Amino acid sequence: MAAPLLHTRLPGDAAASASAVKRLGSSRTGLSDMLALENDFFNSPPRKTVRFGGTVTEVLLKYKKGETNDFELLKNQLSDPEIKRLQWLNRSQTVVEEYLSFLGNLVSAQTVFLRPCLSMIASHFVPPRVVIKEGDVDVSDSDDEDENLPANFDTCHRALQIIAKYVPSTPWFLMPILVEKFPFVRKSERTLECYVHNLLRISVYFPTLRHEILELVVEKLLKLDVNASRQDIEDAEETAAQTGGGADATEAVFNMDEDEEADHKTEADPGRLDQMVHPMAERLDILLSLLLSYIKDVCYVDGKIDNNKTKDLYRDLITIFDKLLLPTHASCHVQFFMFYLCSFKLGFAEAFLEHLWKKLQDPNNPAIIRQAAANYIGSFLARAKFVPLITVKSCLDLLVNWLHVYLNNQDSGTKAFCDVALHGPFYSACQAVFYTVVFRHKQLLSGNLKEGLRYLQSLNFERIVMSQLNPLKICLPSVVNFFAAITNKYQLVFCYTLIERNNRQMLPVIRNTAGGDSVQTCTNPLDTFFPFDPCVLKRSKKFIDPLYQIWEDMSAEELQEFKKPIKKEVVEDEEDDFLKGEVGITPSSFDAHFRSPSSSVGSPPVLYLPDQSPLVTRICD
């Protein structure tokens, strides 16, 4: 008997559907129903004519009995490169169901086809490619207007789960394919968004892959992040605002966060308000907001945080943070996924701070990691609204105590002099303390001013500032000047004489990286950065802004006020003698570099000394 002739894009699909028609015809199904089903199938446009011996079920039954000829014919047909990418997703529901059944039967009978099947499914996680040629130039791109994408993605995920039922090791084979299929970061925003969305969705029903998937996503986000500096993004936005230009808006695939409805829609162009002008920033913003939505969806069940799920996700993300974020130079935005997760419950914020503290004070860690940990501590304490004052004070106590112990160890040593190459972690910890005090001093002194001053006095900043290591010479001038103004106002320590002396002693100059004879003064010898400086990505900042402490620039009057120490009688007490001995201020030293604390990124390798002070925190139950 001759093999049946079918017109379709893949033989398994056609045969299965024809088999369904045949079975329906031999049952009690009416003729009209059978004809309607045949029309539904055959109306699909034919692409290739193939032959094989009977239905897939019949072929597999013959194979089980030892008759392998028809099975070999089927394999040859399936290996034809012209039919590897049939459009089975857009066929009738009957065809799709038969095709899914075929995939399950195929991988269960011959696991050698598992990888090709998984690769085929993963290739459908992006919009289909439309071939367009202008003359001899191929300008093909993804089909961003395909309205069937959500339904197609649903079917692909069903296919993966069906295959996994037959082959339990499917996730192990799938992950390398997902890595291989990840689109190049310069692909369209739509392509990247679709693929990352589908990766995150896979992590839900294949939880064993979640850590690897999240690591892959963060790694790709970092590649975008380091190619879109904050300054470049702001410059692009400013230029667009001046010229009235901008890029075209793109639509999201789905909204994974029900709370992220378009609150700011306009009749003119609702998508344009959230669009970034910088192309890399646009991609980064879309993907980071997608990751933040995913984090919320995992951690919240019926509007309430699930502690166990959040703990598990925290463990995955903190490991990824250590591997990818801490050692990365020039990352501006990706790290906000930890900021956002820690906002869900105080225990997670405290756990994050404890984790960073251990990194800082562990002498076995590389210096660059210790310095980065200090930068994260300072920036997190300064910017996170959800971190209460009691936690801020606990962290300040630990940091300052560590600094004093460090100085104790230097008193009798031969390295007790100002050198960033020898004492990098010390200077980074000093800057974290100064930065935190700058941002939190109002809270520290609010309520009971005398009690707040007594607490700040107990930290003994004078010993740190006046030590031979001279941290005011190494830390960023902007941070130093704000810290000096605040401590002078409350007469805690008088920094301006030392600042003036440091200004006269020029820091070493370095040659311009572009070459030539030009030199420049090194104003940031620590190569400092504050990882939680303001988020400038329009979509992502909607997640962050409600949790974020912004810097309030001081008016001219406020600046002048800070140059005046507080009046003695405000906090006078017979036991208090720390207000005596007022020292004047040199205006030039105060005004120089007086701006909002900001920075560059990274840390050079340095030497360090340890301390073992533990951070006592509580983790969520």
Side-chain angles (χ1 to χ4, degrees), residues 200 203-204 207 210-211 213-215 217-218 221 256-257 259 288-326 331 333-361 369 372-399 432 436 439-440 443 530-532 535 540-549 614-621:
L200 296 175
S203 73
V204 175
R210 185 172 74 179
H211 185 278
I213 286 175
L214 288 173
E215 184 175 325
V217 171
V218 172
L221 285 175
M256 293 183 68
D257 187 348
D259 295 334
L288 181 57
S289 61
L290 194 61
L291 177 60
L292 297 177
S293 292
Y294 169 84
I295 290 173
K296 183 177 181 181
D297 287 345
V298 170
C299 297
Y300 279 84
V301 178
D302 297 328
K304 297 181 180 180
I305 190 170
D306 186 307
N307 282 334
N308 292 328
K309 290 183 177 180
T310 309
K311 280 184 183 180
D312 291 340
L313 183 61
Y314 174 86
R315 293 187 186 100
D316 284 337
L317 291 179
I318 197 67
T319 304
I320 295 168
F321 173 84
D322 286 347
K323 181 177 180 180
L324 299 179
L325 270 300
L326 272 181
S331 172
H333 290 102
V334 178
Q335 54 266 24
F336 275 103
F337 71 79
M338 284 303 304
F339 189 96
Y340 185 60
L341 176 62
C342 289
S343 72
F344 292 167
K345 202 166 186 178
L346 177 58
F348 295 108
E350 293 180 336
F352 183 52
L353 288 166
E354 180 180 13
H355 181 81
L356 294 169
W357 165 244
K358 289 178 179 177
K359 294 285 184 184
L360 169 62
Q361 56 114 29
I369 298 299
N375 293 332
Y376 270 96
I377 291 174
S379 193
F380 190 76
L381 290 175
R383 296 295 193 172
K385 276 186 179 179
F386 49 86
V387 175
L389 188 60
I390 187 172
T391 302
V392 173
K393 293 173 71 172
S394 297
C395 291
L396 282 176
D397 289 340
L398 284 171
L399 287 168
T436 302
F439 269 86
R440 294 281 192 163
Q443 290 176 273
F530 299 109
F532 297 119
C535 175
S540 302
K541 75 194 308 289
K542 293 180 181 179
F543 292 85
I544 304 303
D545 280 356
L547 317 167
Y548 192 77
Q549 177 63 53
L615 174 61
V616 181
T617 63
R618 55 186 175 83
I619 187 67
C620 307
D621 295 326

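This structure is a prediction, so every number in the text was calculated from the model and none was measured. What you see below is based on every heavy atom in this structure, not just the backbone, and it leaves out hydrogens, waters and symmetry mates.
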Dump the intermediate steps for side chain to side chain contact (heavy atoms under 4.5 Å, CB included) on Leu221 and Phe337, then the final yes or no.
CA-CA 11 Å; Leu221 285 175; Phe337 71 79; over 6 Å; no
State the CD-CE distance between Gln335 and Met338, to the nearest 0.5 angstrom.
11.0 Å
Any side-chain heavy atom of Glu215 sitting closer than 4.5 Å to one from Thr319?
no
Any side-chain to backbone donor/acceptor pair from Tyr376 onto Phe352? Under 3.5 Å, distance only.
no
Under a 4.0 Å threshold between the charged nitrogen and the carboxylate oxygen, would Arg315 count as salt-bridged to Asp312?
yes
Of the non-hydrogen atoms in Phe344 and Ile305, which two are nearest, and what is the gap between them?
CB-CD1, 3.4 Å
Assess the residue pair Val392 and Gln443 against the criterion (side chain to side chain contact (heavy atoms under 4.5 Å, CB included)); give the C-alpha distance rounded to whole Å, side-chain angles, the decisive distance to 0.1 Å, and a yes or no.
CA-CA 10 Å; Val392 173; Gln443 290 176 273; over 6 Å; no
Minimal non-hydrogen separation, Leu326 against Ala373, with atom names
CD2-N, 4.1 Å
Show your reasoning for whether side chain to side chain contact (heavy atoms under 4.5 Å, CB included) applies to Leu291 and Leu214.
CA-CA 9 Å; Leu291 177 60; Leu214 288 173; 4.0 Å; yes
List the steps, then state whether side chain to side chain contact (heavy atoms under 4.5 Å, CB included) holds for Asp297 with Val204.
CA-CA 10 Å; Asp297 287 345; Val204 175; over 6 Å; no
Where does the angle between the aromatic ring planes of Phe339 and Tyr548 fall among parallel (under 30°), tilted (30 to 60°) and perpendicular (over 60°)?
tilted
Would you say Ser293 and Phe543 make side-chain contact, with heavy atoms under 4.5 Å?
yes
Are His355 and Ile318 packed together at the side-chain level, in the sense that at least one heavy-atom pair is separated by less than 4.5 angstrom?
yes
Might you point out which heavy atoms bring Ala432 and Ala374 nearest each other, and give the distance in Å?
CB-O, 3.4 Å
Nearest 0.5 angstrom please: Arg383 CZ to Phe336 CZ, how far?
8.0 Å
When you compare the side chain of Lys323 with that of Val218, does any pair of heavy atoms fall below 4.5 Å?
no
In short, Ala349 meets Phe386 closest at the heavy-atom pair CB-CE1, 4.0 Å
Taking atom CG of Leu290 and atom CD1 of Ile295, what is their separation to the nearest 0.5 Å?
10.5 Å
Going by heavy atoms in the side chains, are Phe348 and Lys311 under 4.5 Å from each other?
yes
Between Trp357 and Leu398, the two heavy atoms sitting closest are CH2-O, 3.7 Å
Shortest non-hydrogen contact from Ala382 to Arg440?
O-NE, 4.3 Å
Output the distance between atom CG (Leu341) and atom CG (Leu292), rounded to the nearest 0.5 Å.
10.0 Å
Hey, could you give me the CD1/CG distance between Ile544 and Leu288, rounded to the nearest 0.5 Å?
7.5 Å
Taking atom OG1 of Thr436 and atom CD1 of Ile377, what is their separation to the nearest 0.5 Å?
9.0 Å
